[in-house]
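Nothing fancy with the numbering, it's 1 onward along the sequence. Since we're looking at a predicted model, the values are computed, not measured.
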Amino acid sequence: MAALTAQRQAAAVGELISRDADLAAIVDRCGAPPFWSRPRGFATLVYIVLEQQVSLASARASFDRVKALLPEFSPEAFLEIADSDLRACGFSRQKTRYTRLIAEAVVSGSLPLARLGRFSDERVRAELTAITGVGDWTAEIYMMTALRRPDLWPLGDLAMVKAIRDVKCLAADADREAIYELGESYRPYRSVAAKLYWHHYLSPH
């Protein structure tokens with residue numbers, strides 16, 4: 001299926017809210033979700049790694065600090081930064097290691113980052129998760145925001161899961177299988193459904 005554009009996302013939202021009254025209620029209350037997207041490439045992948053298990057504001061601050069150190073945000077330039085400088089930017093020891101491994105994989109060619117847009121979702125996931133520190137969540141968020149794939153359902157995203165439990169009045173311990181099955185009902189636009197739940201999560205209510 002073609003990559004999402006603002007127009008395709010709007011059409012997908014229309015289809016989803018016609019199927020699911022709870023999604024329609026999100027749009028009634030909060031409006032349609034923004035068309036969130038990010039540039040493809042190494043910088044975005046580093047940013048997503050920084051977002052793992054921390055607040056968006058904290059990740060943004062660390063990303064901005066490291067960006068200020070770089071003449072260009074390339075893997076080659078990134079590898080020139082000392083570990084101590086990365087830690088001063090807010091990178092944990094673990095995230096310093098993960099982002100260096102990504103940079104090394106891009107430089108060596110073992111991660112064909114510039115060509116991922118040509119690959120299937122399954123192939124992109126396999127290429128990305130072959131690198132230590134890049135799990136399913138990181139791969140899925142990259143596919144959703146940079147490659148703009150329309151049918152991803154990031155079960156590891158805590159904000160999405162919390163919003164689903166809230167909107168669908170599920171128990172706090174609702175199992176992964178129930179949330180997976182809900183996602184199946186949103187095919188082939190699970191990414192757009194996820195954005196609707198994120199929109200609920202981020203909107204004041």
Side-chain angles (χ1 to χ4, degrees), residues 1-13 32-67 70 72-79 91 95 98-160 183 186-199 201-202:
M1 185 174 287
L4 283 173
T5 61
Q7 185 175 12
R8 288 190 181 115
Q9 178 173 297
V13 167
F35 181 64
W36 288 303
S37 67
R38 293 174 175 174
R40 299 182 183 193
F42 173 70
T44 290
L45 199 48
V46 169
Y47 196 169
I48 294 169
V49 169
L50 288 171
E51 289 179 326
Q52 295 172 356
Q53 299 177 323
V54 299
S55 72
L56 297 179
S58 173
R60 180 79 222 183
S62 294
F63 182 78
D64 286 345
R65 288 187 199 110
V66 75
K67 186 176 180 181
L70 295 167
E72 59 173 350
F73 210 123
S74 68
E76 293 85 357
F78 186 85
L79 289 170
F91 285 56
K95 289 182 181 179
Y98 294 164
T99 51
R100 287 204 183 285
L101 288 171
I102 294 167
E104 288 166 0
V106 177
V107 170
S108 72
S110 61
L111 175 61
L113 194 56
R115 302 201 308 275
L116 292 184
R118 307 174 195 172
F119 300 161
S120 68
D121 291 351
E122 294 74 18
R123 172 81 182 276
V124 175
R125 186 192 305 273
E127 294 281 357
L128 289 171
T129 59
I131 302 168
T132 300
V134 179
D136 284 338
W137 179 84
T138 301
E140 287 162 353
I141 299 302
Y142 185 82
M143 284 191 274
M144 289 174 70
T145 61
L147 302 183
R148 305 198 312 274
R149 298 294 170 89
D151 196 34
L152 277 300
W153 190 239
L155 284 170
D157 190 87
L158 298 180
M160 186 189 82
Y186 298 138
R187 286 184 181 271
Y189 298 119
R190 289 178 299 167
S191 297
V192 180
K195 289 182 179 185
L196 281 159
Y197 284 112
W198 283 334
H199 193 41
Y201 180 82
L202 293 169

Side chain of [X], backbone of [Y]: donor and acceptor closer than 3.5 Å?
X	Y	answer
Thr145	Arg38	no
Thr138	Val49	no
Gln52	Gly133	yes

Residue pairs involving residues 2-12 (criterion side chain to side chain donor-acceptor pair (under 3.5 Å); sequence neighbours excluded): Gln9-Lys195
Under the side chain to side chain donor-acceptor pair (under 3.5 Å) test, residues paired with Tyr142 that sit two or more places apart: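 Tyr142 satisfies side chain to side chain donor-acceptor pair (under 3.5 Å) with no residue once adjacent residues are dropped.
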Sequence-distant partners of Tyr186, side chain to side chain donor-acceptor pair (under 3.5 Å), two or more places apart: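 By the side chain to side chain donor-acceptor pair (under 3.5 Å) rule, Tyr186 matches Asp20, Tyr197.
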Option from Phe78, Phe73, Phe91 for which ring pair (Phe, Tyr, Trp, His ring centres under 6.0 Å) with Phe63 holds: Phe73
Salt-bridge contact Arg60-Asp64 (side-chain N to carboxylate O under 4.0 Å):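 Looking at Asp64 together with Arg60, the answer is yes, because their closest N to O distance falls below 4.0 Å.
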Ion pair check, Glu104 and Arg100, cut-off under 4.0 Å: no
Leu70 atom CG, neighbour heavy-atom count above 12 within 6.0 Å: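 Enclosed.
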Candidate list Arg187, Met160, Glu140, Met144, test side-chain contact (heavy atoms from CB on, under 4.5 Å), partner Trp153, passing option: Met160
Separation between CZ of Arg125 and CG of Leu116, rounded to the nearest 0.5 Å: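 It is 13.0 Å, given to the nearest 0.5 Å.
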